[in-house]
Amino acid sequence: PAAGQVRVAIVVDATGLGAGAATVTCVVVAQGANGIVALNARAARLGSPAPTFNASGLLCSIDGAPLAPACGVVGPNGYEYWSYWAGGASWTYAPIGPASRSMQDGTVEGWRFLPGGAQLAPSTPPTFASLVS
């Protein structure tokens with residue numbers, strides 16, 4: 001990346017929506033940009049629909065899924081939503097939202113759609129080196 005820019009690996013695991021395997025996309029953003037900027041950069045790079053959020057800031061869709069107006073609904077197995085994870089030595093359920101997370105070189109962002117039930121981390125390795133090698 002150029003001076004002042006950083007590489008971010010973004011994992012999107014939509015298996016809970018019936019999609020195939022999790023995807024990994026590497027984007028370049030300004031150092032210190034937040035997770036929302038990184039997720040928007042992913043959409044732009046892939047030519048996918050931009051992520052959508054509800055009025056409270058809850059992420060409603062990635063790549064247009066789930067279809068609107070589904071956003072944090074309670075399904076037959078519990079609350080359905082895009083869970084947010086921080087990569088590193090292991091996956092950690094993010095204690096803060098993407099607007100509050102600052103991107104540094106080698107940051108790994110994880111998103112996994114949970115159709116209710118147990119909190120599951122993305123199904124890929126959590127380290128930058130293992131995702132982009």
Taking all non-hydrogen atoms of both residues, which atom of A38 and which atom of V29 are closest, and how far apart? CA-CG1, 4.1 Å
Verify the cluster assignment for L114 and W111: are they in a single hydrophobic cluster under the rule of side-chain heavy atoms below 4.5 Å apart? no
Closest heavy-atom pair, P51 versus N40, reported as atoms and distance to 0.1 Å, is CD-OD1, 3.2 Å
Test item: L58 and W82 side chains (from C-beta on) under 4.5 Å apart, heavy atoms: no
Worked verdict on E109 versus R42 for salt bridge (Lys or Arg N to Asp or Glu O under 4.0 Å): CA-CA 11 Å; E109 295 277 279; R42 175 194 173 273; over 6 Å; no
Check the hydrophobic clustering (I, L, V, M, F, W, Y; side-chain heavy atoms under 4.5 Å; chains of links allowed) and say if V27 and M103 are grouped together. yes
Do L67 and Y79 sit in one hydrophobic cluster, given that two such residues count as connected whenever their side-chain heavy atoms are within less than 4.5 Å of each other, even indirectly? no
What distance separates I10 CD1 from L39 CG, expressed to the nearest 0.5 Å? 5.5 Å
Heavy-atom pair with the smallest gap, counting every atom of P98 and N34: O-CB, 3.4 Å
Within-4.5 Å side-chain heavy-atom neighbours: T92 and W85: no
Does either side chain, that of S102 or that of Q104, offer a donor lying less than 3.5 Å from an acceptor on the other one? yes
Tightest non-hydrogen contact, residues A43 and P49, listed as CB-O, 3.6 Å
Which heavy-atom pair separates A33 from V37 by the least distance, and what is that distance? CB-CG1, 3.8 Å
Would V12 and L17 show up in the same hydrophobic cluster when neighbours are defined by side-chain heavy atoms closer than 4.5 Å? yes
To the nearest 0.5 Å, tell me how far T52 OG1 sits from D63 CG. 10.5 Å
What's the shortest heavy-atom distance between G88 and T127, and which atoms? O-CG2, 3.0 Å
Side-chain touch C26/R45, heavy atoms, less than 4.5 angstrom: yes
Kindly indicate whether the side chain of P126, heavy atoms from C-beta on, has any atom under 4.5 Å from the side chain of V108. no
Are Q5 and Q31 linked by a side-chain donor-acceptor pair shorter than 3.5 Å? no
Only one of Y84, F53, F113 passes side chain to side chain contact (heavy atoms under 4.5 Å, CB included) with L59; say which it is. F53
With the side chain counted from C-beta on, respond yes when V6 and T107 share a heavy-atom pair under 4.5 Å apart, and no when they do not. no
When you compare the side chain of D13 with that of T124, does any pair of heavy atoms fall below 4.5 Å? no
Mind running side-chain contact (heavy atoms from CB on, under 4.5 Å) on V11 and L131 for me, showing each step along the way? CA-CA 9 Å; V11 174; L131 294 170; 3.8 Å; yes
Heavy atoms, side chains only, cut-off 4.5 Å: are S123 and W91 in contact? no
According to a 4.5 Å side-chain heavy-atom criterion applied to Ile, Leu, Val, Met, Phe, Trp and Tyr, with indirect links allowed, do V28 and F128 form part of one hydrophobic cluster? no
Would you find a donor on one side and an acceptor on the other, under 3.5 Å apart, between the side chain of S83 and the backbone of R112? yes
